[in-house]
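First up is the structure itself, then whatever we jot down about it.
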Amino acid sequence: LGLVGLGSFAFHATMRYWAQLLDELPMLYCNMAFVYCLVEDRPGIRFSWLPQALFGYATFVTTVYLLLPNWYVIFIVSYSGVVLFLAADSYRRLWHVARDAR
């Protein structure tokens, strides 16, 4: 999470493409870790393929983003999708807790 702060500082201080990558890609990688923690929330491993899938997704987005530097929308769509999943799953969990508390 500290890399996100350092990358953000570097980007907003320099406004260079390399610093933009240091700002945005760690945000995506941290969210991949959040997805893993949210999905694998019980003892034992439920989805053994999940780490490889998240790594593959992050690698794919990073590769495409590096190959198409003028397509900022790639980051926006990929990051927004992950954030929407995190928000929807968190809301679902909160709804279940509130329902079970009644």
Side-chain angles (χ1 to χ4, degrees):
L1 193 55
L3 289 177
V4 174
L6 292 174
S8 184
F9 174 78
F11 176 56
H12 294 281
T14 66
M15 298 304 287
R16 303 282 187 201
Y17 177 69
W18 61 266
Q20 181 179 353
L21 293 174
L22 292 177
D23 180 30
E24 294 166 356
L25 292 176
M27 291 172 21
L28 181 67
Y29 303 154
C30 282
N31 277 347
M32 295 291 106
F34 297 152
V35 167
Y36 182 82
C37 292
L38 202 59
V39 172
E40 292 288 352
D41 63 340
R42 294 181 181 89
I45 297 176
R46 296 185 321 164
F47 303 102
S48 60
W49 51 266
L50 186 60
Q52 291 85 4
L54 294 174
F55 181 79
Y57 180 75
T59 302
F60 174 76
V61 170
T62 300
T63 302
V64 172
Y65 199 37
L66 290 172
L67 293 175
L68 303 170
N70 294 328
W71 285 43
Y72 181 70
V73 71
I74 292 168
F75 172 76
I76 294 294
V77 170
S78 61
Y79 185 75
S80 298
V82 174
V83 170
L84 286 173
F85 170 80
L86 290 169
D89 196 54
S90 296
Y91 178 78
R92 180 189 63 82
R93 290 165 184 269
L94 181 63
W95 186 81
H96 282 291
V97 168
R99 183 195 66 191
D100 293 344
R102 292 182 208 161

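Just so it is clear, the model here is predicted, and its values are computed rather than measured.
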field: Distance-minimising heavy-atom pair for Ser80 and Ile76
entry: OG-O, 2.6 Å

Minimum heavy-atom distance between Leu38 and Ser90, given as atom pair plus value: CD2-OG, 4.1 Å

- request: Report the C-alpha distance between Arg93 and His96 in whole Å, list the side-chain angles of each, state the deciding distance to 0.1 Å, and finish with yes or no for side-chain hydrogen bond (donor to acceptor under 3.5 Å, both in side chains).
  value: CA-CA 5 Å; Arg93 290 165 184 269; His96 282 291; over 6 Å; no

Polar side-chain atom of Tyr57 near backbone of Ser78 as donor-acceptor pair, under 3.5 Å: yes

query: Under 3.5 Å, is there a donor-acceptor pair between the Tyr72 and Gln20 side chains?
result: no

message: How close do Asp23 and His12 get, counting heavy atoms only, and between which atoms?
response: OD2-NE2, 4.0 Å

message: Exactly one of Val61, Thr59, Leu66 should register a side chain to side chain contact (heavy atoms under 4.5 Å, CB included) with Thr63. Which one does?
response: Thr59

message: Counting only heavy atoms from other residues, nucleotides and ligands, does the tally under 6.0 Å from CG of Leu67 exceed 12?
response: yes

message: Under 4.5 Å between side-chain heavy atoms, counting indirect links through other Ile/Leu/Val/Met/Phe/Trp/Tyr residues: same cluster for Trp49 and Phe34 or not?
response: yes

Working for side-chain contact (heavy atoms from CB on, under 4.5 Å), residues Phe85 and Val39: CA-CA 11 Å; Phe85 170 80; Val39 172; 4.0 Å; yes

message: Measuring from atom CG of Leu54 to atom CD of Gln52, what distance do you get when rounded to the nearest 0.5 angstrom?
response: 9.0 Å

query: Roughly how far, to the nearest 0.5 Å, is the CG atom of Leu28 from the OG1 atom of Thr62?
result: 6.0 Å

query: Asp89 and Arg92: which non-hydrogen atoms are nearest, and at how many Å?
result: OD1-NH2, 2.8 Å

query: Out of curiosity, Phe9 CZ to Thr14 OG1, how far, rounded to the nearest 0.5 Å?
result: 9.0 Å

- prompt: Hey, quick one: are Trp71 and Phe60 part of the same hydrophobic cluster, counting side-chain heavy atoms closer than 4.5 Å, chains of contacts allowed?
  reply: yes

- request: Report yes or no: do Phe11 and Leu21 belong to one cluster of Ile/Leu/Val/Met/Phe/Trp/Tyr joined by side chain heavy-atom distances under 4.5 Å?
  value: no

query: Is there a chain of hydrophobic side chains (I, L, V, M, F, W, Y, each step under 4.5 Å between heavy atoms) that links Val82 to Val77?
result: no

query: Under a single-linkage definition using a 4.5 Å side-chain heavy-atom cutoff for Ile, Leu, Val, Met, Phe, Trp and Tyr, are Tyr36 and Phe47 assigned to the same hydrophobic cluster?
result: yes

task: Measure the CD1-CG distance between Ile74 and Leu68 for me, rounded to the nearest 0.5 Å.
output: 4.5 Å

Distance-minimising heavy-atom pair for Tyr65 and Tyr17: O-OH, 3.2 Å

- request: Given side-chain contact (heavy atoms from CB on, under 4.5 Å), test Glu24 with Tyr79 step by step and report yes or no.
  value: CA-CA 9 Å; Glu24 294 166 356; Tyr79 185 75; over 6 Å; no

query: If you look at every heavy atom in Val4 and Cys30, which pair is closest and at what distance?
result: CG2-SG, 3.9 Å

